[in-house]
Amino acid sequence: MGGGARSGQAPAPRPGPTLRLARLVTELTAPAVLVPVLMIAVGWHSAHGGVAGLGWAVLAVVFVIGIPFAYIVGGVRRGRLTDHHVGQREQRRVPLLVGLCSVVVGLILLVALGAPRPVVALAAAGAIGLVVAVTVSHWWKMSIHSAVATGTVVILALTFGARLLLTAPLLALVGWSRVRLRDHTVSQVVVGGLVGGLVAGVVFAALR
């Protein structure tokens with residue numbers, strides 16, 4: 001989810017090659033892309049490369065991103081939402097609450113069915129992140145793109161080793177794309193990244 005820095009009232013970004021690059025980066029690093037990749041990586045690692053881990057990851061993806069994103073797409077098609085990034089802050093609350101409910105249900109299922117702890121920890125981190133996003137979005141439009149991207153880097157580093165922190169410079173590219181598109185201000189990108197990194201570093205690290 002991304003969108004206009006001032007409830008869709010920001011002036012249109014200047015056209016040019018950098019605008020096209022910013023749009024590409026934004027789509028490739030959207031939560032709907034990063035979360036499934038992260039879930040599959042963590043699930044696979046939790047089962048030591050076994051197929052069972054991928055099964056747990058798919059189950060988690062359905063509730064953590066599948067159902068919430070389907071709701072957003074449906075809202076766009078019905079005209080209730082402006083775009084699949086939910087660009088207007090005023091439109092974010094309901095999709096985020098739907099996402100939170102879906103993640104909580106998925107988390108309960110994962111625990112009840114005996115999913116590996118890292119997969120449960122990742123779903124729990126997602127739930128806490130959504131609670132923060134719902135709360136902040138009531139007043140201010142924090143960048144969820146930056147939050148998820150930063151959380152992804154932190155969780156990958158915790159799972160596969162500190163060498164994955166070498167991907168951290170890519171976070172600047174994500175932030176630049178959100179500002180270039182005038183979907184967010186620099187402060188919204190920075191705060192989103194800090195929140196995402198903190199939630200991942202504390203919740204996932206504690207529960208895995």
side-chain contact (heavy atoms from CB on, under 4.5 Å) between Y71 and V94, intermediate numbers included: CA-CA 10 Å; Y71 177 85; V94 174; 3.1 Å; yes
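- By the neighbour-count criterion of 12 heavy atoms within 6.0 Å, atom CZ of R80 is densely surrounded, having more than that number from other residues, nucleotides or ligands.
- Of all non-hydrogen atoms in P36 and I65, the two that sit nearest each other are CG-CG2, 3.8 Å.
- V134 and I67 fall into different hydrophobic clusters, where Ile, Leu, Val, Met, Phe, Trp and Tyr side chains are chained together by heavy-atom contacts under 4.5 Å.
- Side chain of R163 to main chain of F160: a donor-acceptor pair is present (N/O by atom type, distance under 3.5 Å, no hydrogens or angles).
- Proximity of L198 to L194: side-chain heavy atoms (C-beta onward) are nowhere separated by under 4.5 Å.
- The shortest non-hydrogen separation linking F63 to P68 is O-CD, 3.5 Å.
- Cluster annotation: I72 and V105 are assigned to distinct hydrophobic clusters (Ile/Leu/Val/Met/Phe/Trp/Tyr, side-chain heavy-atom contacts under 4.5 Å, transitive).
- Summarising the geometry of P118 relative to F204, their closest heavy-atom pair is O-CE1, 3.4 Å, with the distance given to 0.1 Å.
- Put simply, CH2 on W176 and OG1 on T18 are 5.0 Å apart, with the number rounded to the nearest 0.5 Å.
- Between the CG atom of L110 and the CG atom of L59 there is a distance of 5.0 Å, given to the nearest 0.5 Å.
- Between the side chain of R208 and the backbone N or O of L158 there is at least one donor-acceptor pair closer than 3.5 Å.
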Stepwise side-chain contact (heavy atoms from CB on, under 4.5 Å) check, V153 with L164: CA-CA 7 Å; V153 170; L164 267 296; over 6 Å; no
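- How far NE2 of H184 is from NZ of K141: 4.5 Å, rounded to the nearest 0.5 Å.
- Counting heavy atoms from C-beta on, the side chains of T167 and L156 never come closer than 4.5 Å.
- Using a 4.5 Å heavy-atom cutoff, the side chains of H145 and L34 are not in contact.
- Of the possible donor and acceptor atoms, none in the side chain of S146 sits under 3.5 Å from a partner among the backbone N and O of S143.
- Under a 3.5 Å cut-off, the side chain of S102 and the backbone N or O of V64 do not form any donor-acceptor pair.
- The distance from the CZ atom of R20 to the CG atom of L24 is 11.0 Å, given to the nearest 0.5 Å.
- There is no side-chain donor-acceptor pair under 3.5 Å between R117 and S46.
- One distance of note links CD1 of I40 with NE2 of H45; it measures 15.5 Å at 0.5 Å rounding.
- Using a 4.5 Å cut-off on side-chain heavy atoms (C-beta onward), W140 and V191 make contact.
- V186 is listed as a side-chain neighbour of V190, based on a closest heavy-atom distance under 4.5 Å.
- In this structure, V35 is a member of the same hydrophobic cluster as V103, with clusters built from ILVMFWY side-chain heavy atoms closer than 4.5 Å.
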Trace of the side-chain contact (heavy atoms from CB on, under 4.5 Å) decision for L38 with I155: CA-CA 8 Å; L38 181 60; I155 289 170; 3.8 Å; yes
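- Pairs of residues two or more places apart, or lying in two chains, that qualify as side chain to side chain donor-acceptor pair (under 3.5 Å) and include a residue from residues 24-44 are T26-S177, T26-R178, E27-H84, E27-H85.
- Side-chain N or O atoms of R78 include one that pairs as donor or acceptor with a backbone N or O of G74 at under 3.5 Å.
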Worked verdict on V76 versus T82 for side-chain contact (heavy atoms from CB on, under 4.5 Å): CA-CA 6 Å; V76 173; T82 54; over 6 Å; no
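- Hydrophobic cluster membership is shared by I108 and L100, with clusters built from Ile, Leu, Val, Met, Phe, Trp and Tyr side chains linked at under 4.5 angstrom.
- To the nearest 0.5 angstrom, L122 atom CG is 10.5 Å from L207 atom CG.
- M142 and V179 are not part of a single hydrophobic cluster, where members link through side-chain heavy atoms under 4.5 Å apart.
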